[in-house]
Each structure stands twice: as C-alpha cells, then as structure tokens.
2 protein chains.
Amino acid sequence: MIRNDQIVEGEPSNLSASIVATLKEQIIHWHYPPEHRLTEVELCKTFNVSRSPVREALRVLATDGFVKKLPNRGYVVRQHNIHEIEELYEVRVALELYAVECLARRGPLNENDKEDLVKLKRTWTDLLNGSSKKAEELARLDTQFHETLAHAAGNKTLLRHLRTINERLMLFRMIDFDKVDRAKSTCHQHLKILKCITAKDTPGARAAMQQNIDEGRNNVHTAIKDALARAYSMKT
Amino acid sequence: MIRNDQIVEGEPSNLSASIVATLKEQIIHWHYPPEHRLTEVELCKTFNVSRSPVREALRVLATDGFVKKLPNRGYVVRQHNIHEIEELYEVRVALELYAVECLARRGPLNENDKEDLVKLKRTWTDLLNGSSKKAEELARLDTQFHETLAHAAGNKTLLRHLRTINERLMLFRMIDFDKVDRAKSTCHQHLKILKCITAKDTPGARAAMQQNIDEGRNNVHTAIKDALARAYSMKT
DNA sequence: GTAGACCGAATTGTATACAATTTGTAGAGT
DNA sequence: ACTCTACAAATTGTATACAATTCGGTCTAC
C-alpha cells in the first residue's frame with residue numbers, strides 16, 4: 001500500500017515517485033519473477049491509486065532499465081541474464097576505477113568528503129573487529145562505501161550513473177549477501193582501498209578496487225545460477 | 001506539432017515517446033533558454049495533445065537529466081554549467097577508454113561489428129580526402145563513430161549510458177561544431193584510434209582516444225562562454 | 001479436421017474532470 | 001510606508017471516462 005506520508009520530507013504528495021521507489025525495491029528483492037507482466041490496473045489495485053501515477057512510474061522504471069515496455073502491451077519485469085550482469089559489472093569497473101583514481105590523485109575535494117572517508121574507515125574497522133551485521137545491512141554498507149568514494153571524487157554525474165548501475169546489480173547482490181558472510185574479506189579490501197587513497201598511491205588504489213569488484217562479481221556469478229533457477233521455478 | 005505518423009516503424013501510436021524525442025531535440029538545439037519553465041498546458045497547446053502524454057514525457061526527461069522537476073511547480077530546462085560539462089566529459093572518458101581498451105584487447109565480438117569498423121575507416125578517410133560536410137552532419141558522424149566503437153566492444157549497457165551522456169553533451173557540441181570546422185584533426189584522430197585497435201595496441205588506442213576526447217573538451221570549453229552569454233541574453 | 005474471419009473481453013493510449021497546492025496580490029491593520 | 005492575512009488565479013497532482021489496439025476463442029467454410 002502506497003501512502004503519501006511515506007514520502008520523504010521536502011517532496012510533497014507525489015504518488016508516482018513513491019510507486020517508483022516501491023516497485024524498484026520489490027523488483028530488487030525478487031518479489032516478481034523475471035518477465036512477469038505488470039498490468040496497470042493490477043498495480044492500481046495493489047497500490048490503491050489511479051492509473052495516472054502508475055503509468056508515469058512505469059515509464060520511469062522503463063528508462064531506468066528495471067522493466068521493459070512492450071508497445072501497446074504494457075510492461076514486464078526485465079530479465080537480467082548472466083551476460084547483462086557482466087555488462088553492468090564492466091561499466092561499474094570503468095566508473096569506479098576512474099573515481100578512485102581521481103580520488104587517489106587529487107584527494108577529496110572538500111572537508112565534508114574528507115570526514116566521510118574517515119567515517120568509512122571507522123565503520124569498516126569496527127566491522128573487521130567483530131561487530132556483526134545482517135546480510136542486508138552489509139549489502140547496504142557496501143553500496144554506501146562505493147558511493148561515498150564516488151561522491152568524494154566530486155563528480156555528481158558519475159555518482160548518478162553509478163547509482164543506477166548499482167541499483168540494478170542489487171538484484172543479484174541481495175542473493176549473494178544472503179547466502180554467505182563475506183564480511184572479513186570485504187573489510188580488508190575496503191580498508192586497503194582507503195589506505196591507498198590517503199597514501200596517494202594511484203595504481204594501488206586502482207588495483208585494490210579492481211580486486212574488490214572482481215571478487216564481488218565472481219561471488220555473484222556463482223550465486224546467479226541458483227537465483228535464475230529459483231526464478232524459473234517461480235514463473236512456472 | 002506532434003503527430004502519430006511521425007513515429008518510428010514498429011512503435012505504434014505513442015505520443016509520449018515522440019514528445020520526449022522532440023523536446024530533447026529542442027533542448028539540445030537551444031530552443032529554450034536554461035531554467036526556462038516548461039508548463040504542462042503550454043506544451044499541450046504547442047503539441048496539440050492532452051496532459052497525460054506530456055506529463056509522462058516530462059518525467060522521463062527529468063530522469064534523463066534534461067529537465068529539472070520542482071515539486072508541485074512543474075519543470076524547468078536544466079542549466080548546464082561549465083562544471084557539469086566537465087563532469088559529463090569525465091564520465092565519457094571513463095566509459096570510452098574502457099570500451100576502446102576492450103576493443104583493442106579482444107577485437108570486435110562479431111562479423112557485423114568488424115564490418116562497422118571498416119565502414120568507419122572508409123567514412124573518415126573520405127572526409128579526410130576532401131568530401132566536406134555541414135557542421136551538424138559532422139557532429140552526427142562524430143557521435144556515430146564513438147557509439148559504433150562502444151557497440152563493437154559488445155557492451156549494450158555501456159553503450160546506453162554513453163548515449164545519455166553524449167546526448168546531453170550534444171547541447172554544447174552543436175555550438176562548437178557550428179563555429180569551427182575541425183574536420184581534419186578529428187579525421188586524423190579517429191583513423192589513429194582505428195589503426196591502434198586493429199594493431200591490438202591497447203595503450204596506443206587509449207592514448208588516442210584520450211587525446212580525441214580532450215581536444216573536443218577543450219574546443220567546447222572555449223565555445224561555452226559565448227553560449228552561456230547568448231543564453232543569458234535570451235533569458236533577459 | 002483445419003484455416004481463416006470475426007467478435008468480444010482485456011488492456012493500453014489519450015483526453016478530460018476534479019482536488020490540492022502554490023503564488024501573487026489586494027487590502028486591512030499597525 | 002511596511003507587514004501580515006486572506007483570497008483568487010494558475011498550476012500541478014490524481015482520478016475517471018472514452019478511444020484504439022491486441023489477443024483469445026468461437027464459429028463458419030472448405
């Protein structure tokens with residue numbers, strides 16, 4: 001159920017925006033199997049709203065790549081096959097390597113970002129020293145780490161693109177983080193990246209980031225087959 | 001005026017999509033000054049349609065970054081300041097360097113793409129040997145060159161992101177190409193890139209691409225001040 | 001029994017009507 | 001003259017109504 005009081009402060013009544021957020025969340029959490037048809041009236045009923053905001057939301061989700069538009073036949077949840085995951089990871093590598101390279105070369109642009117990096121260091125050191133978290137929380141922290149770096153690099157446009165990539169990858173990272181606790185390894189890698197940045201070791205930072213992303217990619221790869229199988233069994 | 005018969009084949013009656021395309025085109029060609037307010041009813045009148053497709057179009061344009069949404073106050077054409085251009089170019093560099101690196105390392109993925117590269121070579125050789133074109137045509141060919149490379153690299157997601165970046169940059173490249181004929185230099189650079197790719201010279205390809213983009217960036221930079229000044233004079 | 005035409009339910013595409021919010025302005029009060 | 005309030009116009013947000021298209025099934029012709 002969508003309600004106006006769910007909406008973030010400063011953004012007044014806007015059903016469309018909250019529908020976008022909710023559907024994204026649901027798709028990421030595999031609430032719908034791939035290729036599942038999203039009918040307007042059905043969404044209207046579940047969200048208790050009229051078709052106007054639903055239609056606008058679907059159009060936005062389509063441009064973001066979460067659903068696919070069939071001409072005159074509505075929308076379906078997009079099928080993310082293994083090849084597409086690979087593509088998403090490649091784009092992510094391209095963007096994040098660039099971001100971390102900038103960051104290592106010229107440092108964070110302002111004091112706020114410098115503080116953010118210190119906070120990150122504390123967070124991941126704490127995690128390394130035993131404070132355990134739930135899988136979903138870990139996935140969130142991991143995403144936050146990478147996005148904070150991109151933000152500190154000072155390029156809002158790059159951050160925006162990275163966000164849409166990561167949102168779509170979240171589809172599979174949820175599965176991965178759900179199955180295995182890889183906290184230790186992730187902590188070490190993140191701390192290594194931060195160390196290289198503060199040491200202005202550009203190639204080191206790039207290498208550490210590449211390793212971090214590659215490991216995540218491999219983990220997701222092994223998790224994907226199960227996920228797709230599960231999704232298939234749901235569809236039938 | 002928007003009409004259904006303007007629509008591309010295979011995409012049946014869809015006013016919203018054609019409004020998106022038309023508005024994008026208009027914004028890129030500086031039909032509206034930055035921060036110009038886009039009222040729904042006004043767009044309805046100029047396009048001779050109702051508010052539904054206009055609203056959906058505006059939402060899409062907002063997620064693509066062409067217009068900015070003010071809560072409960074409609075939309076305005078986004079102001080692209082110099083800093084944002086710089087950001088767009090940085091993302092473009094990150095993506096295109098990655099693409100050209102893949103291409104130089106492992107070559108085009110299939111025969112079609114290999115053909116495309118040959119066609120590109122012919123096109124730019126012809127241009128170098130005198131066949132002159134209008135500024136707008138040149139800009140189009142240049143964009144096509146870069147997008148063909150990304151396509152040949154075989155990553156559709158990367159291509160999609162590159163497209164949205166390039167579309168927004170087109171705002172300023174139009175101005176630049178309009179003022180000076182830089183065909184010769186561009187030709188040489190593009191041919192150099194192609195040569196490095198076929199020679200599997202990865203660092204060479206990266207360097208040539210970096211040089212090509214940097215030159216474009218510099219040209220645009222020098223052109224921007226005039227553009228902004230002109231836009232300002234339009235606004236007042 | 002099969003192919004093809006035709007009809008109707010379901011669904012999307014578009015237009016309009018109504019509600020809620022914002023903003024500018026006129027007017028009263030100080 | 002200045003500020004604050006209240007109201008009206010304009011504009012967005014939402015809901016509903018109508019048109020056009022698609023798709024499945026049935027019925028007929030062969």
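Please read these numbers as outputs of a predicted model, since none were measured by experiment. Each chain gets a letter, A, B and so on, in the order its sequence line appears, and its residues count up from 1.
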Look at the side chain of Glu87(B) and the backbone N and O of Lys156(A), then say whether any donor-acceptor pair between them is shorter than 3.5 Å. yes
Interatomic distance, [X] [atom1] vs [N] [atom2] [rounded to whole Å]:
X: Glu40(A); N: dT14(D); atom1: CD; atom2: C1'; result: 15 Å
X: Arg59(A); N: dT14(C); atom1: CZ; atom2: P; result: 8 Å
X: Asn72(A); N: dC23(D); atom1: CG; atom2: C1'; result: 12 Å
X: Leu70(A); N: dC23(D); atom1: CG; atom2: C1'; result: 14 Å
X: Leu43(B); N: dT12(D); atom1: CG; atom2: C1'; result: 13 Å
X: Arg55(A); N: dG13(D); atom1: CZ; atom2: C1'; result: 16 Å
X: Lys45(B); N: dA15(C); atom1: NZ; atom2: C1'; result: 16 Å
X: Leu15(B); N: dG13(C); atom1: CG; atom2: P; result: 10 Å

Side-chain N,O (Arg73(A)) to OP1/OP2 (dT21(D)) below 4.0 Å: no
Please state whether the phosphate of dG13(D), meaning OP1 or OP2, lies under 4.0 angstrom from any side-chain nitrogen or oxygen of Lys69(B). yes
Are there any protein N/O atoms within less than 3.5 Å of an N/O atom in nucleotides 16-19 of chain C, and if so, which ones and at what distance?
none

Going by the rule salt bridge (charged side-chain N to carboxylate O under 4.0 Å, His left out), which residues pair with Arg140(A) if we only count those two or more places apart in sequence or in a different chain?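 Per chain and number, Arg140(A) pairs via salt bridge (charged side-chain N to carboxylate O under 4.0 Å, His left out) with Glu137(A).
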Heavy-atom nearest nucleotide on DNA chain C for Glu42(A) versus Pro53(B): which residue maps closer to 5'?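 Whichever sits nearer the 5' end wins; that is Glu42(A).
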What contact category does Arg37(B) fall into here, base, sugar-phosphate, or nothing, at under 4.0 angstrom with non-hydrogen atoms? sugar-phosphate
Name all residues meeting the side-chain contact (heavy atoms from CB on, under 4.5 Å) criterion together with [X]; count only those two or more places apart in sequence or in a different chain, and write none if there are none.
X: Ala21(B); result: none
X: Asp116(A); result: Asp113(A), Lys119(A), Thr148(A)
X: Arg73(B); result: Arg37(B), Leu70(B)
X: Asn218(B); result: none

Lys/Arg-Asp/Glu bridge criterion (N-O < 4.0 Å) met for Arg163(B), Glu147(B):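 Salt bridge: yes.
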